[in-house]
Amino acid sequence: MTASVHPVDEQLPLGRLTTLGLQHVLVMYAGAIAVPLIIGRVLKLSPQDVAYLISADLFCCGLVSLIQSLGVTQWFGIKLPVMMGVTFAAVGPMISIAIGHPGHEGAQLIFGTVIGAGIVGMLIAPLVSRLLRFFPPVVTGTIIAVIGITLMRIGINWIFGVPVGPTAPMLVKPEHAEWLNAAKAAAASGMPAVPADLALAPKMLNPKYADLTGVGLAALVLVAIMALSRWSKGFVANIAVLLGIVFGGVVATALGLMHFDKVADAARFGAITPFHFGMPVFDPLLIFTMSIVMVVVMIESTGMFLALGDMTGREVRQADLTRGLRTDGLGALIGGIFNTFPYTSFSQNVGLVAVTGVRSRFVCVAGGVIMIILGLVPKLSALVESLPTVVLGGAGLVMFGMVAATGIRILGGVNFTANRHNAFIVAVSLGMGMIPLVAPNFKQWMPHGLHPVIDSGILLASFSAIVLNLFFNGAGNGDRSAAIAAAKQADAH
């Protein structure tokens, strides 16, 4: 690599690219397939149609990741190491559509809504990008720290066996079904519902919750990653997370926790065609609702892009941010055409960039190609799907914690002594970001239309940090050099 080539633009050997790209794919896979599983089941689609939704989702994940990381013309792609996946922010509105219109009719309405919102997203991207000056280091550091803390919930849930996603169905034993129905009825009437034995509550909702075998396996993966990071160097250290996951998969197979029945049953090849479920249906009100979700997604994406910019040492300018946000809209448009959903930058992969220190965007280009292949070859995607989430949980603690650590490093460059108001900004915004984590039902008496907006701790923290910074410090982007230097500091160790 010559001195003139930025690490983000470094082109690594094919073998290293493939391995590092696969590492990114394994990290995001469970989250990537969760939304099509949820929506497919709520739509009451056949198992074959749900499998097709998953394949289409993987295909589009890869395609949009290629556009975002590689860049297409001067209009699309932020050209940073970004992996794109389906956003959970859109799950609520899509479930509402699916409940009212099950089957292919509901799918056509969902995809028409996604296409419409994608077009709106592309049009408003330049407007949203103008918010960049409202993100000085005290704001970005706080947001990135909240992103990491929020992601920790995903990693912890993986370890203890909680299904992925905010609306994923719980496993309920038949003998506990009556208690669960009573609890739901009590909650609907505003009355508390406390089981006689609180210790039994998790078991009632999920019989395998916090199974010691799974927890031990997650711990083994974590120890393996720590050992590799401590005693290995170079490329092996860069793929410590991947090696830890592979080690966990081998142990899981030996313990009988990883099965390959789905691999045997899966087809060898499956083409992804546009409008598989029929021509999309466009409803202006539903498109407006989904467009609000797109604004939420874009604000979250802004935080992700700024985090990656600080981690990689590449300044994210307004023009860059516009291209990245426009690609979010394009991703939704592509998703609607190819029978899937809105896309955003996956924050768990931001953590992987922090862990490995590999800043080349071509690693995510390789990851995108792998995702496309997985979408077209169901047997391979079934193999990856067979990996128990407890294995990913052990790796998740490392990666997601590193995102929070990056936010803390950026805050290390903020002057809290001369400007004591910065401490108020961080303190209140962290608290706002914790609300959906600590009290997930806080919104139960609020209008349902507000739920997609306030359900994200990242968005609440972003709004709080921006408003408080304006209140205490006024408008302006501030000096981002301290934040970039703080993010770079990790690479020296």
Side-chain angles (χ1 to χ4, degrees), residues 1-29 32 58 61-72 76-85 224-225 228-247 304-305 307-316 320 323-324 327 345-375 377 380 384 392 395 398-399 402-403 406 484 487-493:
M1 183 184 72
T2 63
S4 61
V5 177
H6 193 281
V8 169
D9 299 319
E10 181 183 4
Q11 298 193 26
L12 304 175
L14 181 60
R16 293 186 65 187
L17 277 179
T18 303
T19 307
L20 291 167
L22 177 61
Q23 188 170 232
H24 271 283
V25 169
L26 291 178
V27 166
M28 70 175 293
Y29 191 88
L58 295 174
C61 278
L63 182 58
V64 182
S65 296
L66 280 176
I67 296 171
Q68 191 70 277
S69 297
L70 192 60
V72 177
F76 300 102
I78 197 167
K79 298 182 180 180
L80 285 173
V82 177
M83 292 296 293
M84 302 290 286
I225 293 172
L228 287 168
S229 300
R230 173 64 178 84
W231 287 298
S232 62
K233 297 180 180 180
F235 181 59
V236 174
N238 290 338
I239 62 170
V241 173
L242 174 61
L243 294 177
I245 291 174
V246 171
F247 171 71
M304 306 298 176
F305 295 149
L308 279 170
D310 289 331
M311 288 177 185
T312 58
R314 168 166 282 180
E315 181 183 2
V316 177
D320 302 319
R323 291 198 307 271
T327 306
S345 55
F346 251 35
S347 46
Q348 45 260 59
N349 293 88
V350 176
L352 190 55
V353 173
V355 171
T356 64
V358 177
R359 295 177 279 178
S360 172
R361 59 192 171 97
F362 293 101
V363 169
C364 289
V365 171
V369 172
I370 293 172
M371 293 292 280
I372 291 174
I373 295 172
L374 290 177
V377 184
L380 291 179
V384 177
L392 297 175
V398 181
M399 296 180 299
M402 286 296 289
V403 177
T406 297
I484 294 175
K488 282 182 175 179
Q489 188 178 1
D491 299 328
H493 299 289

Rounding to 0.5 Å, atoms OG1 (T19) and CG (L14) come to a distance of 9.0 Å
Heavy-atom pair of closest approach, residues V365 and S69:
CG2-CB, 3.9 Å
Which pair of heavy atoms, one from T312 and one from P81, lies closest together, and at what distance?
CG2-CG, 4.1 Å
Side-chain touch M371/M83, heavy atoms, less than 4.5 angstrom
yes
CG/L243 to OG/S229 distance, rounded to the nearest 0.5 angstrom?
10.0 Å
Considering non-hydrogen atoms only, spot the tightest contact between L22 and I370 and give its length.
N-CD1, 3.5 Å
What distance do I67 atom CD1 and K79 atom NZ have between them, rounded to the nearest 0.5 Å?
13.0 Å
To the closest 0.5 Å, what do you measure between CZ (R361) and NE2 (H6)?
11.0 Å
Gap separating the SG atom of C364 from the CG atom of L20, nearest 0.5 angstrom:
9.5 Å
For the student: nearest non-hydrogen atoms of G77 and R323, plus distance
O-NE, 3.0 Å
Close side-chain approach of F305 and Q68, heavy atoms under 4.5 Å:
yes
When L308, T327, V353 are each screened for side chain to side chain contact (heavy atoms under 4.5 Å, CB included) with V82, the one that passes is L308
In Å and rounded to the nearest 0.5 Å, what is the CD1 to CD distance from I245 to Q23?
7.0 Å
For the side chain to side chain contact (heavy atoms under 4.5 Å, CB included) test, which of D320, I78, V8 pairs with R314?
V8
In short, L70 meets F362 closest at the heavy-atom pair CD1-CE2, 3.7 Å
